[in-house]
Amino acid sequence: MAAIIHSPQNSIPISLLPIQPFNIHSLFNPTSSLATTKKTKYKHKPSLFLQNPSKKTSLIQPLLTPQQFKDSNVSVGSDTNRNDYANLLRISVRCGDVVLTKIIHSSILKLEEEDVYLKNAVIAAYIKLGYLSLAEKVFDSLWSPDVVSYTAIISNFAKSNRQREAFELFLEMRELGIEPNEFTYVATLTACIRSLNLDLGCQVHGLVVRLGYSSYTYVVNALMGLYSKCGLLDLVVLLFNDMPQRDIVSWNTVIACMVEESMYDRAFEMYRELRRNECSIADHFTLSTLLAASSRCLAVREGQELHRHALKSGLHGHLSVNNALMGFYTKCGTLKNVVDVFERMPVKDVFSWTEMIVAYMEFGHVDLAMEIFNSMPERNSVSYNALLAGFSQNNEGFKALWLFCRMLVEGMELTDFALTSVLNACGSMKERKISEQIHAFILKLGLKPNDRIETALVYMCTRCGRMDDAEKIFHQLPLDHDNSIALTSMVCAYARNGQPEEAISLFLVRHSEESLVIDEVALATILGLCGTLGILKLGKQIHCYALKHGLMSDTGVGNATISMYSKCGEMQSAIKTFEAMPTHDLVSWNGLLTCYVLHRQGDEALEIWAKMEKLRVNPDSITCLLVISAYRHTSRNLVDCCQKFFSSMQSSYNINPTSEHYAGFVGVLGYWGLLEEAEKIISATPFEPKASVWHALLEGCRIHANEIIGKRVMKNILSIVPQDPSTFILKSNLYSASGRWQCSEFVRAEMREKGFRKLPARSWIIFGDKIHSFFARDKLHSQSKDIYSGLQILILECLKAGYVPDTSFVLHEVEEHQKKDFLFYHSAKLAVTFGLLMTRPGRPVRVMKNVLLCGDCHTFFKYVSVVTKRDIHVRDASGFHHFVYGNCSCRDNWC
């Protein structure tokens with residue numbers, strides 16, 4: 001039954017508390033466990049502290065030497081005013097002179113009657129001077145301590161990590177009939193906050209309401225602080241809304257709680273309401289908290305507004321504000337912004353210097369980060385960890401190992417963050433032996449199970465070719481252990497090592513076996529794998545899961561969903577996902593561009609690019625490559641526009657064209673038959689072009705059957721990468737195409753001798769929640785007999801409809817009828833036949849292929865779509881082909 005406690009002055013419901021209704025009186029029951037624990041230590045019995053009550057000077061000897069007392073010249077006569085003692089105590093605190101405090105204390109002890117007011121002043125002086133044990137002794141010597149005495153010591157205990165003793169004193173004063181005041185409640189609630197004792201804090205809340213202290217701002221602030229620390233945002237807002245008066249601490253508490261709960265929009269709205277409130281003014285804590293929120297949610301405009309407010313209000317000189325500004329501009333600005341803030345800071349601490357290291361590392365300036373580190377006036381473990389993480393982030397593995405060894409020599413504390421950073425650095429180095437040494441070192445440390453370190457170990461092992469060790473680490477984790485992070489790491493490892501099927505299998509098995517919390521990284525990874533394999537059904541289920549659990553607000557998940565739908569052929573779903581996203585980053589726009597390029601809709605892709613320019617979205621290297629690729633799927637009349645875009649990359653977008661950009665542009669020119677212009681472009685490159693650039697031109701030569709330029713291109717490729725497996729295949733195919741079969745076979749024999757293997761053409765189709773894979777002429781499938789029989793019938797029907805096999809694609813020295821057999825049983829034909837046999841009539845067949853679709857298969861599928869009256873969807877290395885009633889979406893530009 002929920003409890004609601006009412007007060008004549010105010011009414012605060014406590015029914016929302018996620019605990020059992022509390023009984024306020026049970027806290028103060030002498031039989032309760034808390035009330036009876038070590039209670040006698042603080043119970044004021046004279047015999048405990050003064051054996052002779054009449055002898056009040058028993059504490060003088062340990063506090064003051066006889067000579068000091070003699071030289072003090074302090075009068076102890078009855079005419080001495082108590083205010084003089086209090087003033088002297090204040091002077092001693094102001095001067096930091098504990099000796100003077102002891103002299104005054106000794107004089108007060110000589111008074112005939114105990115003066116609680118002066119004893120309290122002595123307690124306060126010792127506390128402020130940092131002599132807590134002396135303050136406690138004075139408190140213990142009091143015959144009749146009052147609420148001020150108790151409050152001072154309770155507050156002292158609360159701030160000194162002695163929360164248990166603070167609670168006991170609070171119980172004692174209640175038993176003695178001393179009513180707490182607002183400051184006592186604040187001190188007790190401080191102890192609850194530091195120990196996260198929500199149960200006791202709620203009972204104190206009940207007392208606050210019953211005794212009429214809920215109108216005191218300081219008390220309510222303390223209650224809000226407790227609920228904020230315990231993650232109870234609703235209660236914090238409820239208390240805040242019911243406050244009769246608020247100060248800046250009230251506003252800061254509720255804003256900080258919202259930021260902690262990642263409710264950034266509400267936090268900024270509270271800040272705007274604060275600005276409209278004339279009774280409170282934002283302080284340095286407000287700005288620091290909101291700047292941190294701006295960094296986390298990349299709120300550029302809000303962060304800049306906070307900076308302007310800091311300049312107008314004079315808070316720009318505050319240390320915490322400047323540190324927060326540096327963190328904000330590191331995430332949402334430029335390096336120049338960060339340097340400007342740092343150089344203008346009137347005061348810098350170790351965190352300021354560390355933020356500068358983080359900024360330089362974030363922008364890739366490793367040497368400058370090291371200069372800052374070496375010039376720091378003082379360093380701590382955070383500084384070392386920032387530099388270590390920066391080395392790891394920038395793939396400076398050996399520098400990270402050097403710094404880690406230095407930390408060991410200097411005896412620095414090895415935090416989880418430091419160990420994780422060095423493991424990630426070893427992973428980026430891909431050095432198996434070094435990874436084994438670091439692994440052994442961590443095992444010797446004997447650390448307790450830790451999600452971060454185990455995840456980093458899995459990552460390092462997978463990056464260093466130790467998949468067996470990674471699997472062993474992962475499978476040794478206890479089932480009741482929260483290993484969602486390790487699972488995500490293992491799934492990512494399979495995906496990174498070209499094992500997407502294993503990744504999805506592991507994910508599904510673990511998700512069905514236990515209550516697994518799927519995070520944003522895991523969702524994005526699985527969505528990416530669904531797109532790679534074309535598993536649309538699972539991708540939709542993951543999308544629904546993300547929508548149900550509110551994870552689509554994460555930009556990374558949204559981007560992965562766009563990519564998944566694009567690669568599965570669901571173009572409209574990809575576009576709808578993009579439009580439904582609350583915010584877009586550059587990856588989102590690139591994903592949308594990729595969607596149109598994959599579906600060969602160049603004009604629509606260029607419209608998206610025009611929209612990005614209008615919105616002033618700064619492109620990156622990938623964006624430029626996608627825009628160039630879009631021109632391949634437009635008309636030849638737009639080739640000049642492609643040339644202008646390519647030429648303006650440096651001047652307009654500050655992006656230097658790389659070999660990939662040249663390959664893309666040459667591919668566009670070659671595609672439209674401008675082979676000589678493409679060759680001139682390659683000759684004019686400011687650097688030595690990679691083989692990929694020449695391969696792009698060679699593809700154009702193949703499309704337009706230009707043997708003269710093709711031979712020159714092949715010579716260049718052979719000279720650049722003579723030992724590359726693709727070069728051997730190129731040479732072999734070149735000899736085969738010209739009928740030089742012995743030379744072709746010699747090249748293939750050389751490949752076998754050197755251990756080179758051609759990437760086998762593979763096609764697959766998703767059916768019955770399984771991936772059915774096919775290779776050319778293989779009979780490994782359990783239904784291969786039916787598939788071959790069905791394909792033979794299909795070939796006969798297509799031949800009747802006018803299909804003529806193109807045997808020029810068979811590069812083997814065999815008879816003509818054998819060449820046809822080679823063509824008929826390509827992997828894509830087997831996969832499409834399986835799909836036709838297993839799916840319902842009228843349903844489209846979706847097949848994926850890891851290499852380009854050959855010309856004969858392209859022609860064959862056009863006839864298949866006619867004779868079967870079925871839509872055939874094939875995704876190859878270049879994009880999608882939609883075969884419908886004898887036509888293809890690529891308009892027969894199938895390369």
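We count residues from 1, following the sequence as given.
- Taking 4.5 Å as the limit, some side-chain heavy atom of Val491 sits within range of a side-chain heavy atom of Ile526.
- Within the 4.5 Å cutoff, the side chain of Leu414 has heavy atoms near those of the Phe441 side chain.
- Of all heavy-atom pairs spanning Gly550 and Ser553, the tightest one is O-OG, 3.3 Å.
- Counting heavy atoms of neighbouring residues, nucleotides and ligands inside a 6.0 Å radius, atom NZ of Lys229 does not exceed 12 of them.
- The CE atom of Met429 sits 9.0 Å away from atom CD1 of Ile438, with the distance rounded to the nearest 0.5 Å.
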Worked check of side-chain hydrogen bond (donor to acceptor under 3.5 Å, both in side chains) between Asp620 and Thr623: CA-CA 5 Å; Asp620 63 359; Thr623 313; 2.6 Å; yes

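- Smallest separation of non-hydrogen atoms from Ala425 and Ser392: N-OG, 3.4 Å.
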Derivation and outcome, side-chain hydrogen bond (donor to acceptor under 3.5 Å, both in side chains), residues His695 and Ser692: CA-CA 5 Å; His695 272 291; Ser692 59; over 6 Å; no

Verdict with reasoning, Met552 to Thr577, per side-chain contact (heavy atoms from CB on, under 4.5 Å): CA-CA 9 Å; Met552 286 305 296; Thr577 301; 4.1 Å; yes

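- Counting non-hydrogen atoms of neighbouring residues, nucleotides and ligands closer than 6.0 angstrom, the CD atom of Glu471 exceeds 12 such neighbours.
- Using modelled atom types, one side-chain atom of Asp778 and one backbone atom of Phe775 make a donor-acceptor pair closer than 3.5 Å.
- Counting heavy atoms from C-beta outward, Leu523 and Tyr545 have side chains that approach closer than 4.5 Å.
- Once rounded to the nearest 0.5 Å, the distance linking CG of Asn385 with CZ of Phe404 reads 10.0 Å.
- Using a 4.5 Å cut-off on side-chain heavy atoms (C-beta onward), Ile542 and Met564 make no contact.
- Closest of all the heavy-atom pairs between Cys426 and Met460 is CB-SD, 3.6 Å.
- With rounding to the nearest 0.5 Å, the separation of CH2 in Trp589 from CG in Asn559 is 12.0 Å.
- Side-chain contact check for Pro657 versus Phe687: every heavy-atom pair is 4.5 Å or farther apart.
- A distance-only check finds a donor-acceptor pair linking the side chain of Asn374 to the backbone of Met370 [under 3.5 Å].
- Side-chain contact between Arg406 and Met412: absent, with no pair of heavy atoms (C-beta onward) separated by less than 4.5 Å.
- The heavy-atom pair separating Ser827 from Ala761 by the smallest distance is OG-O, 3.8 Å.
- When atom types are taken as modelled, the side chain of Ser295 and the backbone of Leu291 share a donor-acceptor pair closer than 3.5 angstrom.
- The neighbour count for Tyr653 OH, taken as heavy atoms of other residues, nucleotides or ligands under 6.0 Å away, is above 12.
- Side-chain contact between Ile504 and Ile771 is absent, with no heavy-atom pair separated by less than 4.5 Å.
- Applying the ring pair (Phe, Tyr, Trp, His ring centres under 6.0 Å) criterion to Trp353, with sequence neighbours excluded, gives Phe342.
- Within the 3.5 Å criterion, the main-chain N or O of Val458 finds a donor-acceptor partner in the side chain of Thr462.
- Remark: side-chain polar atoms of Asn394 are paired, donor with acceptor, to backbone N or O of Met361 under 3.5 angstrom.
- To the nearest 0.5 angstrom, Arg296 atom CZ is 6.5 Å from Ser262 atom OG.
- A donor-acceptor distance shorter than 3.5 angstrom exists from the side chain of Thr354 to the backbone of Val350, with no hydrogens or angles considered.
- Summarising the geometry of Arg846 relative to Ile765, their closest heavy-atom pair is O-CG1, 3.2 Å, with the distance given to 0.1 Å.
- Closest approach of Asn395 and Ser428 over heavy atoms only: OD1-CB, 3.5 Å.
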Criterion side-chain contact (heavy atoms from CB on, under 4.5 Å) on His365 and Leu335, from CA distance to verdict: CA-CA 10 Å; His365 297 279; Leu335 182 59; 3.4 Å; yes

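- Residues satisfying the ring pair (Phe, Tyr, Trp, His ring centres under 6.0 Å) test with Tyr264, not counting sequence neighbours, are none.
- With hydrogens and angles left out, the side-chain atoms of Asp349 and Ser352 include a donor and acceptor closer than 3.5 Å.
- Here the NE2-OG distance, from His661 to Ser621, works out to 3.0 Å after rounding to the nearest 0.5 Å.
- In Lys399, the NZ atom is crowded: over 12 heavy atoms of neighbouring residues, nucleotides or ligands sit closer than 6.0 Å.
- When each of Ser566, Ser878, Ser629 is checked for a side chain to side chain contact (heavy atoms under 4.5 Å, CB included) with Val597, only Ser629 meets the rule.
- Taking CZ of Phe328 as the reference point, atom CE of Met326 lies at 14.0 Å (rounded to 0.5 Å).
- Checking side-chain atoms of His543 against main-chain N and O of Thr561 turns up no donor-acceptor pair under 3.5 Å.
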Verdict with supporting geometry, Met356 and Lys348, side-chain contact (heavy atoms from CB on, under 4.5 Å): CA-CA 11 Å; Met356 203 65 237; Lys348 301 180 181 72; over 6 Å; no

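- Contact of the Leu592 side chain with the His584 side chain is not registered, since no non-hydrogen atoms from C-beta on lie closer than 4.5 Å.
- Using modelled atom types, one finds no donor on one side chain facing an acceptor on the other under 3.5 Å when comparing Ser320 with Asn323.
- Side-chain contact check for Thr658 and Glu660: at least one donor-acceptor pair (N or O, by modelled atom type) lies under 3.5 Å.
- Without hydrogens or angle criteria, Asn424 side chain to Ser421 main chain gives no donor-acceptor distance under 3.5 Å.
- No more than 12 heavy atoms of other residues, nucleotides or ligands lie within 6.0 Å of CD1 in Ile622, so this atom counts as exposed by the packing criterion.
- At least one donor-acceptor pair closer than 3.5 Å links the side chain of Arg875 to the backbone N or O of Lys567.
- Tyr360 and Glu371 share no side-chain donor-acceptor pair at under 3.5 Å.
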Verdict with supporting geometry, Lys540 and Tyr565, side-chain contact (heavy atoms from CB on, under 4.5 Å): CA-CA 9 Å; Lys540 286 183 175 180; Tyr565 280 126; 3.7 Å; yes

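- Checking side-chain atoms of Arg379 against main-chain N and O of Phe373 turns up a donor-acceptor pair under 3.5 Å.
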